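Below is one structure, written out as structure tokens, with a few remarks after it.
First the proteins, then the strands, lettered A, B, ... as listed; each starts at 1. Since the model is a prediction, treat every value here as computed from it, not as a measurement.
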Amino acid sequence: MSKDKSARIATPQAVRGTQDMLGDFADRFAHVVDTFERVRRLYGFKRVEVPVIEPTAVFARSLGETTDVVAKEMYSFDDRGGESITLRPEFTAGIARAYITNGWQQFAPLKVATHGPLFRYERPQKGRYRQFHQLDAEVLGSDSPLADAELLVFADQLLKELGIAEGVTLTLNTLGDAESRDAWRAALVEHFEAHRGNLSEDSLARLDKNPLRILDSKDPRDRPIADSAPDIDAFLTGEAQDFFGAVTAGLDAAGVAWERNARLVRGLDYYRHTAFEFVTDRLGAQGTVLGGGRYDGLIEALGGPPTAAVGWAAGIERLAMLLADDVIDNRLDAVIAVEDDSQLALATRALAALRNGGFATEIVASGSPRKRFDKAAKIPAHALISVGIRDGEPHINVRGEGDRSKAAEAVVRAL
RNA sequence: GCGACCAUAGCUCAGUUGGUUAGAGCGCCGGUUUGUGGUACCGGAGGUCGCGGGUUCGAGCCCCGUUGGUCGCCCCA
């Protein structure tokens, strides 16, 4: 109602790569989060909340200065006090920072879970957004392979309860301890250097920044070279070998299906030992639905005590897209159609009684009275209650099947 | 950051080789029909054709730019 036209602006568009959710997709999103919250309790993971903003150093130092996430995808800005702040591009580093600053070592081993928005300045694509949302689970302060296994069993049960386990497979690898990883990395660099002339341009860049990533390159020119590269197995120390064996034994004992993928590496620098991804071919180019691994060196790198830790994150939008069409039941218990305005008071009493009694109820009382029944009939509900006049008397009719309908009718009849 | 395709009513879309006043379905509002009924019919509201420039007697249609979307590359959950 602005009288001053100059007060109006052209409606701004939503920021690129962000989304507004309403209805079906919002319900799916909430269903993923609700399921996660339920399953997380079954595994004894505590709820944790950490800030959306952190000092830039939290991410820049921990993820690896040369990773794309740090080098070109962070939303960083100087606040009014001149401090460089970054919108979190992932959960792990912030949780690690909180673990140190709050002295959570006293609770080790600490199992925590959280979910919320993350921000990455990327080109939007199917299953990839600039503001996106993840579920996250971490076990801090445990160097036991049992922790890795527990986290994976947790992830597996979550996917099963969401009904999307079929078509999603757990792929697993080990990156070894620091000693194994360094030896393997050196051998890889040597191998790739020998084939330098045949690598793709992208992989030549990777050779300097993160040679491990050449292993999972999709470029056909890289595949023969990557496939003939040495596996880590030959470089694993006995200790690293035993660790991986214990993780897979734990999975087998819990009945979790998995596949070894010796080519699986992780994008962020902090990973050691166990690395895993739950992958699918149903999301186009964004095949990873849940991923993570062990990051024993991260907390120390952030200035904390040497602390072993392992965790995973899962894209909520990606999980929501995989949900079957029929998993969301947002039917109301009852819909009331007011077919005669003289009975509005009666209908309103029925509405209040139903809602107070725990019945999800909606009322249709506007527009042409003779069309309200049809309008109400289109709203998904267990019971359709019409309130009107019949033979000069107030009259209530209830249509519907099942227990909820009968229970709702009982409430209305008791008025 | 690179590439391809796309953008017309609230939604999903049509719109001929460039040619009067840009259409349909759904949804919304009103009327009629039906009258324990989820039906059918009639009417109405609603559009700077994403935005800016250009070509042309004339542009929703062709060209350039721009913004956004979608899908790949890359990256990652």
Side-chain angles (χ1 to χ4, degrees), chain A residues 10-19 22-23 32 36 63-64 66-74 88-92 115-137 155 159 168 200-203 205-206 209-210 213 216-220 222 264-268 271 276-280 283-293 311-322 335 337 339-340 364 366-381 384-391 395-400:
Chain A
T11 307
Q13 288 174 315
V15 171
R16 179 161 214 203
T18 65
Q19 34 181 1
L22 172 70
V32 170
F36 173 70
L63 307 190
T66 63
T67 60
D68 279 14
V69 171
V70 170
K72 47 191 185 190
E73 295 177 1
M74 293 205 305
R88 64 184 179 198
E90 60 129 45
F91 275 116
T92 304
H115 60 85
L118 294 307
F119 304 85
R120 258 123 87 159
Y121 190 85
E122 295 184 276
R123 188 77 179 265
Q125 208 176 110
K126 185 188 181 97
R128 193 172 85 178
Y129 307 96
R130 288 185 174 179
Q131 176 178 335
F132 60 106
H133 302 78
Q134 286 186 349
L135 311 172
D136 186 90
L159 297 180
V168 177
S200 66
E201 302 76 30
D202 284 335
S203 286
R206 292 183 182 114
K209 291 195 309 183
N210 193 349
R213 291 232 65 112
D216 57 11
S217 169
K218 292 177 196 164
D219 195 301
D222 296 331
L264 173 66
V265 294
R266 304 254 69 217
L268 308 178
Y271 288 106
F276 53 86
E277 290 181 356
F278 285 80
V279 297
T280 179
L283 287 176
Q286 318 304 324
T288 304
V289 113
L290 184 154
W312 55 251
I316 299 178
E317 289 88 349
R318 291 185 187 180
L319 293 171
M321 284 188 284
L322 290 173
V335 175
E339 298 200 272
D340 190 302
V364 177
S366 63
S368 173
R370 58 196 339 169
K371 287 186 175 169
R372 290 178 193 167
F373 184 91
D374 287 356
K375 201 192 272 186
K378 287 178 184 169
I379 298 172
L384 170 51
I385 300 168
S386 54
V387 179
I389 297 282
R390 193 179 179 191
D391 302 328
H395 184 259
I396 295 177
N397 184 59
V398 180
R399 278 166 53 96

* Asked: Of the non-hydrogen atoms in A/H115 and A/I316, which two are nearest, and what is the gap between them?
  -> CB-CD1, 4.4 Å
* Taking N and O atoms by type only, does the side chain of A/R213 place a donor or acceptor under 3.5 Å from a partner on the base of B/C74? -> no
* Heavy-atom side-chain contact between A/K375 and A/S368 under 4.5 Å -> no
* Asked: Mind checking the C1' distance from B/A45 to B/G30? Whole angstroms is fine.
  -> 10 Å
* Short side-chain donor-acceptor distance under 3.5 Å, A/Q131 and A/T18 -> no
* Let me know, please, whether A/E317 or A/R390 comes out on the 5' side of the other along RNA chain B by nearest nucleotide. => A/R390
* Which part of the nucleic acid, if any, lies within contact of A/G292, taking any heavy atom under 4.0 Å across all strands shown: a base, the sugar-phosphate backbone alone, or nothing? -> nothing
* Asked: Taking all atoms of both residues into account, what is the closest heavy-atom pair of A/V289 and A/R318, and its distance?
  -> CG2-CB, 4.2 Å
* Asked: Rounding to the closest angstrom, what is the interatomic distance between B/C57 and B/C41 at atom C1'?
  -> 46 Å
* **Under 3.5 Å donor-acceptor pair, A/S386 side-chain atoms to B/G37 base atoms** => yes
* Structure fact -> Residues passing the side-chain contact (heavy atoms from CB on, under 4.5 Å) test with A/Q125, sequence neighbours excluded, are A/R128, A/A285, A/Q286
* To do: Mind checking side chain to side chain donor-acceptor pair (under 3.5 Å) for A/S217 and listing every partner two or more places apart, or none if nothing turns up?
  => A/D222
* Asked: Which residues, if any, of residues 115-123 of chain A bring a heavy atom under 4.0 Å of RNA chain B?
  -> A/R120, A/E122, A/R123
* Asked: Looking only at N and O atoms, is any donor in the side chain of A/K126 or the base of B/G69 less than 3.5 Å from an acceptor on the other one?
  -> no
